[in-house]
Amino acid sequence: MTMTNAIHPPDWIPASGHQLRVTGVYFDAVRIEGPRGERVAGRLIDTTDGDAGPIICETTGYRWMYFLLAPGDVRRHDWPLGVQQFGGRSTLTLTYIGIPALDGNTWPLRWYSEPTATAPYVEAGRLLALI
């Protein structure tokens with residue numbers, strides 16, 4: 001998917017490679033492991049006609065899927081077991097998420113769905129309903 005709906009990519013996306021970004025500042029994140037995460041991402045993309053918002057996939061290991069939500073959204077919902085939540089400024093620890101560039105070599109991360117002007121974040125309620 002390309003960012004055809006966006007005029008400029010968000011400033012938290014690096015120009016090349018990948019960089020760590022702290023959760024709770026630019027976005028919150030929900031992480032789901034492997035095949036379950038891929039199924040949820042696929043259904044989310046299908047139900048949004050391809051405009052699901054930012055979803056990042058690890059291409060090695062457990063193949064985590066990271067669903068990037070608007071800052072503050074993680075704490076507004078009760079997430080089921082097996083779904084890890086990152087974000088909120090009231091936590092005692094900081095969590096960093098690797099963010100790939102939109103183009104070029106970003107291994108071991110890649111965009112499963114990119115943010116767009118119409119979907120700058122994954123909509124938390126819709127994601128929760130699909131989980």
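Any value given below was found using the heavy atoms of this structure, including those in side chains, with hydrogens, waters and symmetry copies removed.
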Legend entry - Evaluation steps, side-chain contact (heavy atoms from CB on, under 4.5 Å), between Ile56 and Arg110: CA-CA 6 Å; Ile56 296 170; Arg110 71 175 179 88; over 6 Å; no
Legend entry - Non-hydrogen side-chain atoms of Asp103 and Ser16 separated by less than 4.5 Å: no
Inset, instruction - Tell me, please, whether Trp12 has Arg21 positioned over its six-membered ring: NZ or CZ under 6.0 Å from the ring centre and within 45 degrees of its axis? - result: no
Legend entry - Side chain to side chain, Leu20 and Ile99, heavy atoms closer than 4.5 Å: no
Inset, instruction - Over all heavy atoms of both residues, which pair between Pro71 and Gly24 is shortest? Give the atoms and the distance, please. - result: CB-O, 4.2 Å
Legend entry - Value rounded to 0.5 Å, distance of CG in Leu127 from NE2 in His77: 9.0 Å
Legend entry - Sub-4.5 Å side-chain heavy-atom contact between Phe27 and Asp73: no
Legend entry - Closest contact, heavy atoms only, Thr48 versus Leu44: OG1-O, 2.8 Å
Inset, instruction - Could you tell me which non-hydrogen atom of Ile13 sits nearest to which non-hydrogen atom of Pro100, and how far apart they are? - result: CG2-O, 3.6 Å
Inset, instruction - Taking the side chain as every heavy atom from C-beta outward, state whether Trp111 and Ile55 have any atom pair closer than 4.5 Å. - result: no
Legend entry - Nearest atoms (heavy-atom pairs only) where Pro115 meets Pro54: CD-CB, 3.8 Å
Legend entry - Leu109 side chain reached by Cys57 side chain, heavy atoms, under 4.5 Å: no
Inset, instruction - Assess the side chains of Tyr66 and Glu58: does a donor N or O sit below 3.5 Å from an acceptor N or O? - result: yes
Inset, instruction - Would you indicate whether the side-chain heavy atoms of Val74 and Val30 approach each other to under 4.5 Å? - result: yes
Inset, instruction - Go through the steps to decide whether Met65 and Arg31 satisfy the test side-chain contact (heavy atoms from CB on, under 4.5 Å), and finish with yes or no. - result: CA-CA 6 Å; Met65 299 293 282; Arg31 181 170 86 166; over 6 Å; no
Legend entry - Smallest separation among heavy atoms of Gly53 and Ser113, with atom names: O-OG, 2.6 Å
Legend entry - Side-chain donor-acceptor pair present, Thr23, Asp28, cut-off under 3.5 Å: no
Legend entry - side-chain contact (heavy atoms from CB on, under 4.5 Å) between Val22 and Thr95, intermediate numbers included: CA-CA 6 Å; Val22 68; Thr95 301; over 6 Å; no
Legend entry - Pairing residues for Pro80 by the side chain to side chain contact (heavy atoms under 4.5 Å, CB included) criterion, not counting sequence neighbours: Arg36, Val83, Leu128, Ile131
Inset, instruction - Determine whether Trp64 and Trp107 fall in the same hydrophobic cluster, where Ile, Leu, Val, Met, Phe, Trp and Tyr are linked whenever their side-chain heavy atoms lie under 4.5 Å apart. - result: no
Inset, instruction - Tell me, please, which residues at least two apart from Pro108 pass side chain to side chain contact (heavy atoms under 4.5 Å, CB included). - result: His18, Thr59, Thr60
Legend entry - Side chain proximity check, Ile32 to Phe67, heavy atoms < 4.5 angstrom: yes
Legend entry - Ion pair Arg63/Glu33, N-O distance below 4.0 Å: no
Legend entry - Distance-minimising heavy-atom pair for Asp51 and Ala119: O-CB, 3.4 Å
